[in-house]
Amino acid sequence: MSDQLNHIANAIVAPGKGILAADESVGTMGKRLASVNAESTESNRRDYRELLFRTGVMRDHISGVILYDETIRQSSDDGTSIVDIIKNMGAIPGIKVDTGAKDFALHPGEKVTEGLDGLRERLAEYYELGARFAKWRAVITIGENMPSTACISTNTHALARYAALCQEQGLVPIVEPEVMMNGEHDIETCFKVTKWALTELYSCLAQQRVALEGTILKPNMILSGSQCDHQAGIEEVAEKTVDCLKQTVPEAVPGICFLSGGQSDLDATAHLNAMNQIADLPWRLSYSYGRALQAAPLKVWGGNNDNRSAAQAAFAHRARMNGLATDGRWSPELEKEAAE
Ligand code: 13P
């Protein structure tokens, strides 16, 4: 079993490839669609996602797709299931299994991610539906007296219990402790909080007997808070992120796929590229981007299927640029040339 999990984890971080996070809940997807004046109907949500999954670039630069419960059960108008469309492109279907970040009792401003009850049975069903990896996202907010010790310990404990259940059911757990970039804090604060969260996370994973070889980490990058007066540059972000990960993430972890978290498309690509230009990394560094892969195609599509090919071209471009960044081969010049 653990060989199989390791095989899947390695496939997810194959050179030039990363994850497309398309697991927005119906509520979040509704907001994304509203932002381009498209209606959030079940068929619109499917049409938009299907156009991404049928883009040729999937074969070269998307190793896995994280789906939401609604999508993993959908089929195209021609009868092909969404899961088969993804598999036919050579990518691995994955599934978001947490049930959301809820208000954390007695901790105003903080969140706790729920979804452990009944998780074993849900994972077994998702496996039957074709999923081979899963995702669970914990939310850690930086602010006055935040994060609390309870927020870190409760969320990392839940992540570790989720990861153990995934491995028991044959799915690779993507463990995602997201330290949010919102706030006035500086980059050092992001470093300290992320280091704290990751240290706790790997202690909990060990306690729950999770085999690290069959996991993927999905962390935030070490960034200045989005409302901080001083914004750290690309090189500083890359160096501090790699430094923080080296201090906390065991070498047994095959790969680390970052979330984009609200960074611009170009920053998300440039940061990943700069990290991959640093020598002697013990794990592969890649992407598991939602917004940074989808913002451009979503805007071009705008709810109109006549714009499908233009939207696919926009998606292909971002996926190619991020694919180059997994090997440190991206440059702003390539970005411009390829966009023309
Ligand atoms: P973003 O890249 O938009 O942060 O989304 C990734 C994700 O799946 C968050 O859980």
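When a ligand or atom number is given, it counts from 1 through the structure's own listing order. Not measured: the values here are computed from a predicted model. Basis for what follows: all heavy atoms, side chains included, without hydrogens, waters or symmetry-related copies.
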Can you tell me if Arg161 has over 12 outside heavy atoms packed within less than 6.0 Å of its CZ?
no
Please check: side-chain N/O of Lys96 versus main-chain N/O of Lys135, any donor-acceptor pairing under 3.5 Å?
no
Distance-only criterion, 3.5 Å: show the donor-acceptor pairs between side-chain atoms of residues 31-38 and protein atoms not counting sequence neighbours.
from	atom 1	to	atom 2	distance (Å)
Ser35	OG	Arg32	O	2.6

Sequence neighbours excluded, every pair satisfying ring-ring contact (aromatic ring centres under 6.0 Å, His included) that has a member inside residues 110-158
Trp136-Tyr162
Identify each donor-acceptor pair in which a side-chain atom of residues 39-48 lies under 3.5 Å from a protein atom, sequence neighbours left out, and give them as a table.
from	atom 1	to	atom 2	distance (Å)
Ser40	OG	Arg45	NH1	2.9
Thr41	OG1	Asn44	N	3.0
Glu42	OE2	Gln74	NE2	3.4
Asn44	ND2	Glu39	O	2.7
Arg45	NE	Glu70	OE1	2.8
Arg45	NE	Glu70	OE2	3.4
Arg45	NH1	Ser40	O	3.1
Arg45	NH2	Glu70	OE2	2.8
Arg46	NH1	Ser75	O	3.0
Arg46	NH1	Asp77	OD1	3.2
Arg46	NH2	Asp77	OD1	3.1
Arg46	NH2	Asp77	OD2	3.4
Asp47	OD2	Asn305	ND2	3.2
Tyr48	OH	Gln294	OE1	2.7

Does atom CZ (Arg209) have a neighbourhood of more than 12 heavy atoms from anything else shown, all under 6.0 Å?
no
Would you mind listing each N/O atom of ligand 1 next to any protein N/O under 3.5 Å, plus the distance?
from	atom 1	to	atom 2	distance (Å)
ligand 1	2 (O)	Ser260	N	2.8
ligand 1	2 (O)	Ser260	OG	2.5
ligand 1	2 (O)	Gly290	N	2.8
ligand 1	3 (O)	Arg291	N	2.8
ligand 1	3 (O)	Arg291	NE	2.7
ligand 1	3 (O)	Arg291	NH2	3.4
ligand 1	4 (O)	Gly261	N	2.7
ligand 1	4 (O)	Arg291	NH2	3.0
ligand 1	8 (O)	Lys135	NZ	2.8
ligand 1	8 (O)	Lys218	NZ	2.7
ligand 1	10 (O)	Lys135	NZ	2.4
ligand 1	10 (O)	Glu176	OE1	3.0
ligand 1	10 (O)	Glu176	OE2	2.9

